[in-house]
Amino acid sequence: MSVSLEKIINQKLADIFAELGFNQNFAVIKTSDRPDLSDFQCNGALALAKSEHKNPREIAAQIAAALQQDADFSAVSVDGPGFINLKVNDTLIASTIDNISADERLGCDKVAEPQKIVLDSGGPNVAKALHVGHLRSAVIGESIRRIEKFVGNDIVSDVHFGDWGTPMGMILAEIIRQDGNLSKTETYTIEDISAFYKRANIRCKEDEDAKETARKITAELQNGNAEYRKAWQHLRSVSVAAVKKNYEELAAHFDLWLGESDAHETCAEIVNIAKDKNVAELDDGATIVRLEETNKPKPPVILVKSDGGYSYQVTDIATIKMRVDDLHAQEIIYVVDKRQSLHFEQVFEVAEKLGIAPNVKLQHIGFGTVNGADGKPFKTRDGGVMNLEDLIKLSKDKVRESMPEPTEEYNAEYIEKLVSQIAIGAIKFQDLKNNIASGYIFELDDFAKFDGKTGPYIQYAVARINSILRKAGALKGGNVVISNAEERDLALKIMQLNNIVMRAHEAKEPSIISDYAYTLAQTFSSFYNTSPIMSAETPQLAASRLRLAALVRDILTLLLNLLGIEAPEIMLKKA
RNA sequence: GUGCCCGUAGCUCAAUUGGAUAGAGUGUUGGCCUCCGACGCCAAAGGUUAUGGGUUCGACCCCCGUCGGGCACGCCA
């Protein structure tokens, strides 16, 4: 038997609908929009009105009449145009909570048919420090990875390193310009390489010849020039090491550290397939694929540039083929800036034309940009982009200010660990509380406060429950009883967990999780404020409330984990 | 020029995909620490959902127009 009350009620409804001859697709409840009237509502009668050619209230009344026979409901009513409102018996609520509490997955389902998913997030580049733009991709990607894993899918994340484009030639050209050759390359650090790249970037913007040289070197590198390859190998490994450090701090995990360069061989295959299938043509010296322009103009996809180098489009197409052939992907998810949406439309369409990913679900989860106060992509005061590392440091500094002096019990190391957990939690929650698709205004000041709808608020709720549980000592949680409105509200809120996780999974939308985590913590705080736990009227009530508190703690910890945020055991604050 | 996205409380964002009285945070005002952690709780004020029409039992959501904003449009990735 399922631990989900929602499913139990849906089954009851389905039986009634079947008996009355109604379409069972509409036999579903949802959390009530009117908590003053009901716990759950069913809108099925309204949806049925059209096909049944009947007054929705009449249909609702028939269904309600059957529901009223069921002792599990304390109240059934038809309101408004035909809403069926249900109130559930307190004893049923209490036993449901006991079941959830006893379940190791806290009542959460797994998907019926697990899929092999490849997740493409990250997207860092050689020689470029991670900046705020990389934050969203890493943070959202990590959360989606954890959610999919939790619901039972087999998900593999790939950082998809940008290591094969013209910037490679630009850096090599710049090194040659300074040193005369590439002999010193292997002594260069990540800082040196970034500096070379910055100079090269400026030069290539101003000087068409420099750009041409860079393109030539890139093409030769791609075609196997041994000297270039050797130097490039160093640039890549140094960059990977630097970026790994950043991602580790954010707790963003990647199973694979492949890059564009790994798709090089397959690019040639793609070009051949395109030629075989007669979808490629030569245009201005470039090999391109034209796309159907049904309702909107679509630029062609360039496979091979006129200089002989592969475009990033063919690289992405080849990468799809590899992920399907080698990793057996059934689904590929790209967590990439939404400004790339046309690119992915094109790439997916070519993949379809070439038949390299049959029955594979390809989807681009495009996220909005992190913006400054002016609504444009976030820049530092001097006009540059803000480094991720600097951002993390700023947040940590703010948190550290609020910490007490180290003591014997909590030494400096302990406090620093806490600072990191809270600062990273604040940054990540700030990002994940917004819908993926919408950008958000980034306020540095938001890191000065940890009140309201923030990561630390939820961390605090967890720490406070931990504190209660420590004080409870030998006292153990016991069967849940509902004795007041706050307990009832909390119990109903807890029962939404499974639904929330499944919705977040289906929509690939972590903000559904973050929003719920916040309201659950909030509901708990109200409960906490009105319902004493240790000094409850009876031992039974104390045991019940202790179980509720422990369950909320476990759920919040799970939710934070799905968001990629740590839940510290305790929180400290300056006296 | 063409296409895509957006416009909701002073500010930053929601609204379970067409359902009831559009909700949170922040800011403002006022209450609550002798009591399990006040990074907390309770309350008040704040809205013609840019605008004009349409579709239907019912629209922030779907369709058309207008105004305003963002983004993308072949050899950067």
Side-chain angles (χ1 to χ4, degrees), chain A residues 30-34 36-37 41 43 46-47 49-50 55-57 79-83 85 123 125 162 164-167 170 204 211 215 260 283-288 295-307 309 311-313 315-316 337-343 345-346 366 368-369 371 373 375-376 402 422 433-435 437-441 443 446 449-454 456-457 459-461 463-472 496 499-500 503 507 511-512 515 518-519 521-522 525-536 542 545-546 549 570-573:
Chain A
K30 62 174 214 163
T31 306
S32 178
D33 288 333
R34 292 288 302 272
D36 54 323
L37 297 178
Q41 66 185 80
N43 300 346
L46 292 160
K50 277 203 179 93
N55 184 330
R57 277 200 71 108
D79 301 285
F83 297 104
N85 278 317
N125 296 300
W164 208 231
T166 311
M170 285 163 59
C204 288
K211 211 170 165 183
R215 269 202 287 264
E260 295 167 343
D283 192 79
D284 283 340
T287 308
I288 66 166
N295 54 354
K296 62 174 171 178
K298 250 184 228 161
V301 172
I302 293 177
L303 300 180
V304 186
K305 297 185 282 188
S306 48
D307 66 5
S311 74
Y312 84 124
Q313 304 204 291
T315 306
D316 272 356
D337 193 319
K338 72 175 171 189
R339 287 176 293 189
Q340 304 257 8
S341 58
L342 178 59
H343 163 69
E345 266 181 64
Q346 293 176 299
T369 48
N371 300 323
K376 305 220 163 150
S402 70
I422 296 171
K433 77 175 174 185
N434 297 105
N435 278 347
S438 58
Y440 62 90
I441 306 269
E443 294 279 0
D446 285 350
K449 303 180 206 114
F450 304 109
D451 320 317
K453 193 169 180 180
T454 64
Y457 172 95
Q459 290 174 321
Y460 175 75
R464 199 167 51 174
I465 297 173
N466 280 334
S467 171
I468 296 168
L469 294 176
R470 275 194 304 273
K471 290 204 165 118
Q496 292 176 23
N499 198 343
I500 292 290
R503 267 176 53 209
S511 69
I512 294 174
D515 190 64
Y518 177 70
T519 44
Q522 208 176 31
S525 284
S526 297
F527 159 83
Y528 169 86
N529 228 259
T530 55
S531 312
I533 297 174
M534 318 280 255
S535 53
R545 287 177 180 169
L546 212 49
I570 60 151
M571 300 267 275
L572 296 175
K573 195 194 172 190

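So you know, we letter chains A, B, ... as the sequences are listed, proteins then strands, and number each from 1. If you're wondering where the values come from, they're calculated on a predicted model, not measured in any experiment.
- The two residues A:Thr31 and A:Gln496 come nearest to each other via the heavy atoms CG2-NE2, 3.4 Å.
- An OP1 or OP2 oxygen of B:A38 is reached within less than 4.0 angstrom by a side-chain nitrogen or oxygen of A:Tyr528.
- Here A:Ser341 does not reach the OP1 or OP2 of B:C5: none of its side-chain N or O atoms lies under 4.0 Å away.
- Protein atom CG of A:Leu342 is 14 Å distant from nucleotide atom C1' of B:A77, rounded to whole Å.
- No hydrogens or angles were tested; on distance alone, a donor-acceptor pair under 3.5 Å links the side chain of A:Asn85 to the base of B:A20.
- Contact annotation: the side chain of A:Asn499 never approaches that of A:Lys30 to less than 4.5 Å [non-hydrogen atoms, C-beta and beyond].
- For the pair A:Asn434 CG and B:C5 P, the computed distance is 20 Å after rounding to whole Å.
- Centre separation under 5.5 Å together with a plane angle under 30° holds for the ring of A:Phe83 and the six-membered base ring of B:A20, marking them as stacked.
- The side chain of A:Ser526 lies closest to B:C41 when the candidates are B:G74, B:G40, B:C41.
- In this structure a side-chain-to-backbone donor-acceptor pair under 3.5 Å is present from A:Thr530 to A:Phe527.
- Mapping A:Lys573 and A:Met170 onto RNA chain B via the closest heavy atom, the residue that lands nearer the 5' end is A:Lys573.
- A close approach under 4.0 Å does occur between a side-chain nitrogen or oxygen of A:Asn435 and OP1 or OP2 of B:A15.
- Syn is the glycosidic conformation of B:U17, whose angle stays within 90° of 0.
- Taking only side-chain nitrogens and oxygens, A:Tyr457 never comes nearer than 4.0 Å to OP1 or OP2 of B:A38.
- Only the P atoms considered, B:A45 is 32 Å distant from B:C62, to the nearest whole Å.
- For A:Met534, the listed nucleotide lying nearest its side chain is B:C36; candidates were B:A72, B:A38, B:C36.
- Side-chain proximity of A:Tyr460 to the nucleotides B:G40, B:G19, B:C36 is greatest for B:G40.
- Although no hydrogens or angles enter the test, the distance criterion places no donor-acceptor pair under 3.5 Å between the side chain of A:Asp284 and the main chain of A:Ala286.
- B:A72 atom P lies 15 Å from atom CD of A:Glu345, rounded to whole Å.
- Note on A:Lys305: a side-chain N or O is less than 4.0 Å away from OP1 or OP2 of B:A77.
- Note on A:Tyr518: only backbone sugar-phosphate atoms sit closer than 4.0 angstrom, heavy atoms only; bases stay farther off.
- In the set B:G37, B:A77, B:C13, B:G37 carries the atom at the smallest distance from any side-chain atom of A:Met571.
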Legend entry - Verdict with supporting geometry, A:His343 and A:Tyr312, side chain to side chain contact (heavy atoms under 4.5 Å, CB included): CA-CA 10 Å; A:His343 163 69; A:Tyr312 84 124; 3.2 Å; yes
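- A:Asp36 comes within 4.0 angstrom of a nucleotide base, judged by non-hydrogen atoms across all strands.
- Straight-line distance between the C1' atoms of B:G23 and B:C60: roughly 12 Å, to the nearest whole Å.
- Atom name C1', nucleotides B:G52 and B:A59: the rounded distance is 16 Å, in whole Å.
- In this structure, A:Asn371 atom CG and B:C13 atom C1' are separated by 13 Å, rounded to whole Å.
- Heavy atoms of A:Gly439 sit under 4.0 angstrom from primed sugar atoms or phosphate atoms, though from no base atom.
- When distances are taken from the side chain of A:Ser306 to each of B:G40, B:C36, B:C75, the shortest belongs to B:C75.
- OP1 or OP2 of B:C76 lies within a sub-4.0 Å distance of a side-chain N or O belonging to A:Arg215.
- Here the side chain of A:Ser525 pairs a donor or acceptor atom with the backbone of A:Ala521 at under 3.5 angstrom.
- The only option from A:Lys453, A:Lys433, A:Arg503 that meets the salt bridge (Lys or Arg N to Asp or Glu O under 4.0 Å) definition with A:Asp515 turns out to be A:Lys453.
- Look at the P atom in both B:U2 and B:G58: the space between them is 36 Å, to the nearest Å.
- B:G27: glycosidic angle beyond 90° from 0, hence anti.
- Taking the side chain of A:Lys453 as heavy atoms from C-beta on, and the options B:G37, B:C5, B:A24, the nearest nucleotide is B:A24.
- You'll find that the side chain of A:Tyr312 is closest to B:A77, out of B:A77, B:A20, B:C73.
- Atoms CG (A:Asp515) and P (B:C13) sit 15 Å apart, rounded to a whole Å.
- Residue A:Ala463 is in base contact, counting any heavy-atom pair closer than 4.0 Å across all strands shown.
- Side-chain atoms of A:Asn55 come within 3.5 Å of backbone N or O of A:Arg57 as a donor-acceptor pair.
- To the nearest whole angstrom, the two P atoms, one in B:U49 and one in B:U8, are 12 Å apart.
- Across B:G46 and B:A24, the matching C1' atoms stand 14 Å from one another, rounded to whole Å.
- Along RNA chain B, the nucleotide nearest A:Lys30 and the nucleotide nearest A:Ser402 are compared for position; the residue whose nucleotide lies closer to the 5' end is A:Lys30.
- Taking 4.0 angstrom as the limit, A:Lys471 places a side-chain polar atom (N or O) nearer than this to OP1 or OP2 of B:G37.
- Between A:Gln340 and B:C71 there is no side-chain N or O to OP1 or OP2 distance below 4.0 Å.
- Atom CD1 in A:Ile465 sits about 15 Å away from atom C1' in B:C39, given to the nearest Å.
- Dashed line: the shortest gap from a side-chain N or O of A:Ser311 to OP1 or OP2 of B:A77 is not under 4.0 Å.
- A:Ser311 contributes a side-chain N or O that, together with a main-chain N or O of A:Ile302, makes up a donor-acceptor pair within less than 3.5 Å.
- To the nearest angstrom, P of B:A20 lies 10 Å from CG of A:Leu46.
- Base contact: A:Arg503 has a heavy atom under 4.0 Å from a base atom.
- At least one donor-acceptor pair under 3.5 Å links the side chain of A:Gln41 to the backbone N or O of A:Asp33.
- The CH2 atom of A:Trp164 sits 17 Å away from the C1' atom of B:C76 (whole-angstrom rounding).
- For the P atoms, the distance from B:G19 to B:C63 is 15 Å, rounded to whole Å.
- Nucleotides B:G7 and B:C13 are separated by 11 Å at their P atoms, to the nearest Å.
- Of all nucleotides listed (B:U16, B:G74, B:C5), B:U16 comes nearest to the side chain of A:Asp33.
- Nucleotide B:C62 is shown with an anti base, its glycosidic torsion being more than 90° from 0.
- Taken together, the paired segments of RNA chain B that extend over three or more consecutive Watson-Crick or G-U pairs, each closer than 3.5 Å at both contacts, are B:1-7 with B:67-73, B:10-13 with B:23-26, B:28-32 with B:40-44, B:50-54 with B:62-66.
- Between A:Ser438 and B:A14, a side-chain N or O to OP1/OP2 separation shorter than 4.0 Å is present.
- Between the side chain of A:Ser535 and the backbone N or O of A:Pro532 there is no donor-acceptor pair closer than 3.5 Å.
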